[in-house]
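The structure under discussion appears below in the form of structure tokens.
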Amino acid sequence: MARIPENFTQDLLARTDLVELIDSRVPLKKTGRNYSACCPFHQEKTPSFTVAPDKQFYYCFGCGASGNAVGFLMEYEHLSFPEAVKQLASRAGMEVPESRPETAADRQKKDRLQSLYDLLSRAEKFYAQQLRQAPERQKAVNYLKNRGLSGQIAKTFALGFAPPGYDNLINGLSLTESSLEHALTGGLLVRKDDTGRTYDKFRDRIIFPIRDSRGRTIGFGGRVLGDGKPKYLNSPETPVFHKGQELYGLWEWRQSRDRSDRLYVVEGYMDVIALTQHGVPNVVATLGTATTEDHARKLFRQVNEVILCFDGDKAGVRAAWRALESLLPALDDGKQVRFLFLPDGEDPDTLVRQQGPEALRALTDKADTLSTYLFRHLSEGLDLDTVDGRARLARLALPYLDKPAGPVYRALLTEELSRLTRLDKESLIQLKPAPAAPRPATPPAPSEPSQEATAYGYEDAGYPPAEDDPGMPYPEDFGFADDGNQGNAGFNGGNPNRTRPNPRQNSGRKGPLTLAERLVLVLLDYPSLIDQHPLPEGIDTLPLPHIDLLVQVAGLCRQNHSAAALLGALMALEQGETLSRLLKASLKPPMAEEMATRLWLDALSQLEVTRLEAALLEVEQAGMPDPAHWQALHKALAEARQHARKPFD
């Protein structure tokens with residue numbers, strides 16, 4: 001059966017912020033690192049519905065409903081899988097390709113994208129290491145200290161250093177010919193057209209990693225040390241980095257404990273970092289571009305009030321007006337924008353360092369609202385005591401009255417213009433420019449048989465919240481109560497045997513996770529472990545609980561290299577009760593990679609011992625074993641037991 005290409009769905013989910021999607025339908029409240037609300041899928045008075053932004057995954061502890069963006073739309077708005085994908089695609093400005101089976105080219109594209117994320121993550125670690133170890137690091141350290149940054153804030157924002165030289169990153173990451181092409185695609189390297197020479201893009205610069213809403217590194221900014229040009233250098237547009245859509249510092253703010261309903265938008269990396277260090281963590285920056293409509297929509301999905309900070313010079317005024325034009329279409333009722341123009345010679349960084357965050361908040365209280373700034377800007381040079389001046393203002397302002405998304409806001413703008421021009425509202429309404437002819441509506445997609453939507457229903461169900469997160473009531477030792485066949489809650493995927501959970505049927509087994517379940521959780525965070533340290537042959541025959549699930553997941557890991565894709569494939573398995581337990585357990589924070597590797601290796605040793613013991617018992621019970629085979633099994637078992645007792649390096 002034809003299906004929407006999996007790579008398209010994964011790309012669509014990568015561009016969708018689940019917090020923004022759900023919050024536009026069910027108001028969410030920030031609780032620690034996550035967001036919570038009363039569950040929209042069952043009646044409750046105490047919030048048990050949790051959204052984990054790092055993993056783009058939701059879970060209800062009351063009824064077991066869970067899934068990703070596609071699953072949420074299917075359940076909340078009663079859509080089919082194609083309809084949910086189409087709605088998400090429209091929201092993201094994407095066009096759903098013709099349904100067809102996933103091809104080898106699709107899989108290659110998905111793998112290339114994941115390889116790009118992995119390479120950018122490696123580059124971030126390299127730059128951070130250079131800030132600690134490079135021989136030339138002292139000038140970078142001195143610069144950061146002179147700007148008043150602490151070691152902790154540098155760690156929070158993962159600041160790094162690109163040493164002087166043209167091949168430090170190339171050599172540091174041991175890039176091969178194929179990975180050189182990946183690094184060029186990711187904006188890490190530059191190739192000269194005339195000579196074909198390839199070299200590091202960032203050299204002798206402080207490095208600012210740029211993260212998306214999931215915390216993945218998607219690009220970098222670099223501040224030159226010395227007199228080089230340009231002063232700031234950003235990654236170019238890449239398959240994963242679109243600077244007109246991203247906001248620097250947004251992910252870091254969402255990881256903080258700050259619960260402000262206000263976000264400051266500043267112009268530079270250092271402004272974001274300095275404000276965060278000095279007690280104003282609710283701050284983001286655009287990435288060398290004017291504020292776009294995409295920025296505006298993302299901002300308003302986070303908070304109800306946005307404060308735009310600008311220099312008071314002519315360039316600042318021009319930037320403010322461009323921002324206003326971008327913000328208007330996203331301005332809904334209940335949202336507010338203020339324009340804060342800083343005194344001459346001041347920027348947010350110096351202001352908070354010299355006068356403290358109170359000075360910034362005091363200026364904020366005096367800042368113009370969007371409506372005030374709109375009419376003040378349009379009235380400059382006009383004499384509103386004359387008919388000519390008022391007529392000119394009316395003509396200038398009328399095109400802006402219908403731009404805000406909120407109908408109440410539009411009505412209030414009209415009322416304010418009526419007061420300023422002394423024209424009644426009916427006259428202004430008649431004078432408004434005629435609206436553009438609407439585009440033909442896209443006919444609804446015909447009803448299609450639902451494909452195996454479970455492959456997409458549970459992307460990235462990870463472990464983002466901290467142990468002390470007040471929004472996440474963790475039972476002890478992963479000992480969650482099972483909820484029957486609830487692992488597939490969120491949507492049914494066309495399978496009549498998969499039903500939405502009943503909150504009154506939480507009667508599954510309790511107790512800690514089995515060894516196989518724990519190993520599945522390790523693989524969800526670190527799928528590459530299966531390639532580095534595969535499972536012993538033949539363990540699928542062992543009489544261990546859930547060993548079949550572990551073997552299945554191990555096989556899926558070789559086909560799905562990201563935790564997101566792995567979890568999506570995992571949800572297509574018929575393991576309802578066990579998967580329900582794993583979904584709940586996956587909301588815990590992941591263990592460190594080193595600890596996970598040690599656990600994995602230790603478990604492999606124990607599994608190998610168990611396998612050899614079972615094989616030896618089978619041989620002995622068969623009667624008259626082959627002496628050579630029997631002796632080889634005994635020797636292998638002794639070596640396995642000895643290895644299992646050794647500490648891992």
Side-chain angles (χ1 to χ4, degrees), residues 116-175 179-180 182-190 198-212 215-238 240-241 243 246-252 255 266-277 284-289 349:
L116 195 55
Y117 282 122
D118 293 341
L119 182 61
L120 291 164
S121 177
R122 290 173 57 204
E124 178 194 317
K125 290 173 181 160
F126 170 80
Y127 291 134
Q129 181 187 51
Q130 295 306 297
L131 186 59
R132 298 189 302 270
Q133 300 178 3
E136 308 90 342
R137 69 185 183 280
Q138 198 55 50
K139 60 181 176 180
V141 172
N142 290 341
Y143 173 82
L144 295 175
K145 284 184 176 179
N146 291 337
R147 295 297 298 263
L149 301 191
S150 66
Q152 180 57 49
I153 201 69
K155 181 179 179 182
T156 297
F157 285 87
L159 301 187
F161 172 54
Y166 288 85
D167 55 5
N168 290 296
L169 184 69
I170 294 173
N171 295 331
L173 299 186
S174 302
L175 297 180
S179 54
L180 277 176
H182 266 65
L184 283 164
T185 302
L188 295 169
L189 305 179
V190 176
T198 302
Y199 55 90
D200 293 355
K201 179 179 182 70
F202 298 101
R203 306 178 303 279
D204 199 21
R205 291 177 180 269
I206 300 288
I207 296 297
F208 304 89
I210 301 165
R211 293 155 165 167
D212 65 9
R216 298 175 297 194
T217 300
I218 55 175
F220 298 92
R223 202 277 185 195
V224 72
L225 293 169
D227 300 324
K229 299 290 182 182
K231 184 177 179 180
Y232 282 95
L233 182 65
N234 287 330
S235 292
E237 294 281 312
T238 73
V240 299
F241 176 56
K243 60 185 177 181
E246 302 299 336
L247 292 163
Y248 180 73
L250 181 61
W251 184 81
E252 287 79 4
Q255 304 316 297
V266 295
E267 293 183 338
Y269 303 109
M270 290 301 298
D271 289 331
V272 171
I273 297 170
L275 263 64
T276 301
Q277 179 171 313
V284 297
T286 55
L287 296 163
T289 67
D349 177 5

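Heavy atoms only: backbone and side chains are in, while hydrogens, waters and symmetry mates are out.
- Here Glu136 pairs with nothing under the side chain to side chain donor-acceptor pair (under 3.5 Å) rule; sequence neighbours left out.
- Nearest heavy-atom pair, Ile207 versus Ala162, reported as atom, atom and distance to 0.1 Å: CG1-N, 3.7 Å.
- No side-chain heavy atom of Leu188 sits less than 4.5 Å from a side-chain heavy atom of Leu175.
- Under the rule for a side chain to side chain donor-acceptor pair (under 3.5 Å), the partners of Lys139 that lie at least two apart in sequence or sit in another chain are Asp204.
- Here the straight-line distance linking atom CZ of Phe157 with atom CE of Met270 works out to 10.5 Å at 0.5 Å rounding.
- In this structure the side chain of Tyr166 never reaches within 4.5 angstrom of the side chain of Asp200, judged on heavy atoms.
- Between Gly187 and Thr238, the closest heavy-atom pair is N-CG2, 4.2 Å.
- In this structure, Phe208 and Tyr232 have tilted ring planes: the angle between them lies in the 30° to 60° band.
- Every residue meeting the side chain to side chain contact (heavy atoms under 4.5 Å, CB included) condition with Arg211, not counting sequence neighbours, appears here in chain and number order: Glu124, Ala158, Thr217, Trp251, Glu252.
- Among residues two or more places apart in sequence or in another chain, the side chain to side chain donor-acceptor pair (under 3.5 Å) test is passed with Ser179 by Thr176.
- Not counting sequence neighbours, the partners of Pro230 by the side chain to side chain contact (heavy atoms under 4.5 Å, CB included) test are Arg205, Leu233.
- Residue His182 holds its NE2 atom at 11.0 Å from CG of Leu184, rounded to the nearest 0.5 Å.
- In this view, Tyr143 satisfies the ring pair (Phe, Tyr, Trp, His ring centres under 6.0 Å) rule with no residue, not counting sequence neighbours.
- The ring pair (Phe, Tyr, Trp, His ring centres under 6.0 Å) check on Tyr127 picks up Phe220, with sequence neighbours excluded.
- Separation of atoms CZ (Arg137) and CG (Leu131) is listed at 9.0 Å; rounding is to 0.5 Å.
- Legend: residues meeting side chain to side chain contact (heavy atoms under 4.5 Å, CB included) with Gln133, ordered by chain and number and at least two apart, are Gln129.
- The salt bridge (Lys or Arg N to Asp or Glu O under 4.0 Å) pairs that include a residue from residues 143-170 are Arg147-Asp349, where partners are two or more places apart or lie in different chains.
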Carefully, step by step, assess Leu173 and Leu119 under the rule side chain to side chain contact (heavy atoms under 4.5 Å, CB included).
CA-CA 9 Å; Leu173 299 186; Leu119 182 61; 4.0 Å; yes
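- In this structure Thr289 satisfies the side chain to side chain contact (heavy atoms under 4.5 Å, CB included) test together with Lys243, Thr286, His295, sequence neighbours excluded.
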Might you work through the side chain to side chain contact (heavy atoms under 4.5 Å, CB included) test for Leu159 and Ile273, ending with a clear yes or no?
CA-CA 10 Å; Leu159 301 187; Ile273 297 170; 3.8 Å; yes
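- Annotation: side chain of Leu149 is in contact with side chain of Gln277 (closest heavy-atom distance under 4.5 Å).
- Judged purely by distance below 3.5 Å, without hydrogens or angles, the side chains of Tyr269 and Asn234 pair a donor atom with an acceptor atom.
- Nearest heavy atoms, Leu120 versus Gly186: CD2-O, 3.9 Å.
- Legend: residues meeting side chain to side chain donor-acceptor pair (under 3.5 Å) with Thr198, ordered by chain and number and at least two apart, are Arg191.
- Inter-residue side-chain proximity for Tyr199 and Leu189 is flagged as unmet; no heavy-atom pair is nearer than 4.5 Å.
- Remark: side-chain polar atoms of Asp212 are paired, donor with acceptor, to backbone N or O of Gly215 under 3.5 angstrom.
- Side-chain contact check for Val240 versus Tyr117: some heavy-atom pair is nearer than 4.5 Å.
- Ile153 and Thr276 get closest at one heavy-atom pair: CD1-CG2, 3.8 Å.
- What you find for Ser235 and Phe241 is that their closest heavy atoms are O-CE2, 3.3 Å.
- Every residue was checked against the ring pair (Phe, Tyr, Trp, His ring centres under 6.0 Å) condition with Phe161, not counting sequence neighbours, and none meets it.
- Annotation: side chain of Pro164 is not in contact with side chain of Arg203 (no heavy-atom distance under 4.5 Å).
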